[in-house]
Amino acid sequence: MVKVKESSGKAKRPLIVMKFGGTSVGSPERMQGVAEILEKHIRDADVVAVVSAMGGATDMLIRAATQASQGMEEPWKGSRQELARRHREVADKLLSAAEQAVVLPRLAEQVKHFEDLCSGFTLLREITPRGMDTLSSLGEVMSATLVSSILRSRGMKSEAVDAVECIVTDDNFGNASPLFDETTAKTRQRLGPLLKDGVIPVVTGFRGATREGVCTTLGRGGSDFSATILGAALDADEVWIWTDVDGVMTADPRLVPEARILPEISYREAIELSYFGAKVLHPRTIQPVMHKKIPVWIKNSFNPSCPGTKIVPAAKNGQAGVKAITSVKDAVLITMNGRNSVSFPQLAARVFNCLHLENVSTLMVTQSSADNVLCFAIHQADLARVKTELEKAFELEMLHDYVGGLEVMRNIAIVVTVGENMKGTPGISGRAFGALGRKGINIIAIAQGSSELSISFAIKSSDMKEAVQAIHEEFQL
Ligand code: ADP
Ligand code: ASP
Ligand code: MG
């Protein structure tokens, strides 16, 4: 636990933002575990809790909304029952009678809100992005209501806070970005007095609101991001992300069962790993805390005594070479050939402008300037939009065969080796090539950032698991 000293020399209670993910609040037993963790840590620190929806709830809400917008009523009515049942079960098992009297009507209201929204979508046969954000983040509203009430049932002071009252975002519904100055002011105004009174705020993860107060979401898995946004706004001493694994591991444990916990990684390594698919962290988690250099811990709510992984501005010089491997499964490679008609810089400028217009980022870029060929990888989910945009932009050239048609290679995986200390360590690509070659895995493209923080390999999706295991073994991670 961090110890913070005031200028008077007196020890000040540190402030920690603790985020609990979907599995950590996934059942009455897990929610009780959360309460025990908080009970322990509030002895020495002020704590702001941030909660995800109960595991699986967000998927269910999104499915229900989609079915409603297709005019199907039965499926979302089934989801309504399930939503009510799961949250009711927690209330029945863990809340005091007095808390039940207050909270059960609140949960009923939230379920009614779900019903009203889904009825609207069914009637209109459509769902708008803002409607989807309000509905898909309802699970967080329900879990924050419950966790806070459990804490009060156990004698702690706590209040559920809807993040729409704290986090101000742009209006990019579904993947909104925080407006930091306004968020800082609102968060301090809303949470400051609670902390001063010894109240534990339990804030909804995942959601925020535009300046006009319309609910937005921060992208799937966004509660990690919520925690660091609030941590930065409150100048917290640390942010702790409680999840279902012991920390950031050398590889996704579902792909490599022997993966090992990394006790410490740098901000840059964490950003690189999460950008390339390590689900343990939302890709934008580190961004809010970078300037303030606030450490972020990944800890296991199923195994709270394990110290976990500390993510710090710059990790101590550890082993040379590769530190971890990550992978993105559902990628596509797109190749554009400018032939003799479009110069390479013009080709690149126009292609990237299309990506910019669709707000799509690339996973990998390679070029062959002499042949006027540009090749890049994106997530499969972005393909349709990008393809339409490129076909529009190059319509004339394609019609007259001045540029080669779009070549799309589907079912691609990008495997990425990450490590600050790969820089200056020769032979890493060679060893990875060798390891893949021995398994007969063909490398379709390779890219290395000039920062030498990561090396990416594009391969067939069907080879991904074997490739990650082979590289993990080669570097004895
Ligand atoms: P939460 O619901 O707590 O946010 P997530 O499911 O989003 O949890 O993230 C945790 C999961 O991330 C782990 O269960 C693990 O399967 C997966 N994961 C992928 N890559 C890694 C990695 N390198 N280290 C640890 N976990 C990883
Ligand atoms: N509940 C949201 C999701 O499933 C946010 C999160 O869990 O971080 O995407
Ligand atoms: Mg997550």
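Positions are given from 1 along the sequence.
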Worksheet entry | Backbone N/O of A278 and side chain of S274: donor-acceptor pair under 3.5 Å | no

Worksheet item: Would you say the side-chain atoms of S158 pair up with the backbone N or O of I200, donor to acceptor, closer than 3.5 Å?
Response: yes

Worksheet item: Are T216 and T169 linked by a side-chain donor-acceptor pair shorter than 3.5 Å?
Response: yes

Worksheet item: Between R152 and S148, do the side chains contain an N or O donor and an N or O acceptor separated by less than 3.5 Å?
Response: yes

Worksheet item: Checking T187 side chain against A233 main chain: does a donor-acceptor pair fall under 3.5 Å?
Response: no

Worksheet item: Counting only N and O atoms by type, is there a donor-acceptor contact under 3.5 Å from the side chain of T326 to the main-chain atoms of F276?
Response: yes

Practice prompt. Drop me the distance from L104's CG to S149's OG, to the nearest 0.5 angstrom.
Written response: 8.5 Å

Item to complete: Please confirm whether the backbone N or O of D197 pairs with a side-chain atom of K157, one donor and one acceptor, at under 3.5 Å?
Response: yes

Discussion item. With a sphere of 6.0 Å drawn around CD of E182, does it hold more than 12 non-hydrogen atoms of other residues, nucleotides or ligands?
Written reply: yes

Worksheet item: Who passes ring-ring contact (aromatic ring centres under 6.0 Å, His included) against F376, sequence neighbours left out?
Response: none

Item to complete: Consider only side-chain N and O atoms of T122 and E73, and report whether a donor and an acceptor are under 3.5 Å apart.
Response: no

Item to complete: First locate atom CD1 of I414, then atom CE of M364, and finally report the distance between them rounded to the nearest 0.5 Å.
Response: 5.0 Å

Worksheet item: Does the cation-pi check pass for R30 over F302, that is, NZ or CZ under 6.0 Å from the six-membered ring centre and within 45° of its axis?
Response: yes

Practice prompt. Spell out, as yes or no, whether a donor-acceptor pair under 3.5 Å connects the side chain of K299 to the backbone of P307.
Written response: yes

Item to complete: Compute whether any side-chain donor of one residue and acceptor of the other, for T145 and Q110, lie under 3.5 angstrom apart.
Response: yes

Practice prompt. Tell me, yes or no, whether the heavy-atom count around K292 atom NZ, taken from other residues, nucleotides or ligands under 6.0 Å, exceeds 12.
Written response: yes

Worksheet item: Is a side-chain N or O of S327 found less than 3.5 angstrom from the main chain of V415, in a donor-acceptor match?
Response: no

Worksheet item: Is it the case that more than 12 heavy atoms not belonging to D181 sit under 6.0 Å from its CG atom?
Response: no

Fill in: Donor-acceptor under 3.5 Å (T128 side chain, G131 main chain)
yes

Worksheet item: Do any N or O atoms from the side chain of R86 and from the backbone of G26 form a donor-acceptor pair under 3.5 angstrom?
Response: yes

Worksheet item: Is the backbone N or O of T217 less than 3.5 Å from a side-chain atom of D133, with the two atoms forming a donor-acceptor pair by type?
Response: yes

Practice prompt. State, without any angle test, whether S266 and E420 hold a side-chain donor-acceptor pair at a distance under 3.5 Å.
Written response: yes

Fill in: Exercise: do D244 and N300 side chains pair donor with acceptor under 3.5 Å
no

Worksheet item: Can R268 and E272 be counted as an ion pair, charged N to O under 4.0 angstrom?
Response: no

Discussion item. Quick check with a 6.0 Å cut-off and a 45 degree axis cone: is R350 positioned over the face of F394's six-membered ring?
Written reply: yes

Discussion item. Please check if the number of heavy atoms outside R154 that lie under 6.0 Å from its CZ is greater than 12.
Written reply: yes

Discussion item. How long is the straight-line distance from CG of L333 back to CG of L363, given to the nearest 0.5 Å?
Written reply: 9.5 Å

Worksheet, complete the sentence: Distance col, row F352:CZ vs H356:NE2, nearest 0.5 angstrom, shows 13.0 Å

Fill in: No-hydrogen, no-angle side-chain donor-acceptor test under 3.5 Å, R385 and N359
no

Worksheet item: Can you tell me if CZ on R190 sees more than 12 non-hydrogen neighbours from other groups inside 6.0 Å?
Response: yes

Practice prompt. Starting at CG of L234, measure out to CG of L191 and round the result to the nearest 0.5 Å.
Written response: 5.5 Å

Worksheet item: How about E29: does its CD atom have over 12 heavy atoms from other parts shown lying under 6.0 Å from it?
Response: yes

Discussion item. Check this for me, if you would: do E389 and K392 make a salt bridge, where the nitrogen-to-carboxylate-oxygen distance has to be below 4.0 angstrom?
Written reply: yes

Worksheet item: Picking from V312, T309, I311, what satisfies side chain to side chain contact (heavy atoms under 4.5 Å, CB included) with E264?
Response: V312

Fill in: Between R284 and S177, a side-chain donor and acceptor under 3.5 Å
yes

Discussion item. Classify the ring geometry of H282 against F225: parallel below 30°, tilted from 30° to 60°, perpendicular beyond 60°.
Written reply: parallel

Output side-chain donor-acceptor pairs under 3.5 Å for residues 61-70, partner residues at least two apart or in another chain, one line each.
from	atom 1	to	atom 2	distance (Å)
T66	OG1	I62	O	2.7
S69	OG	T66	O	2.7

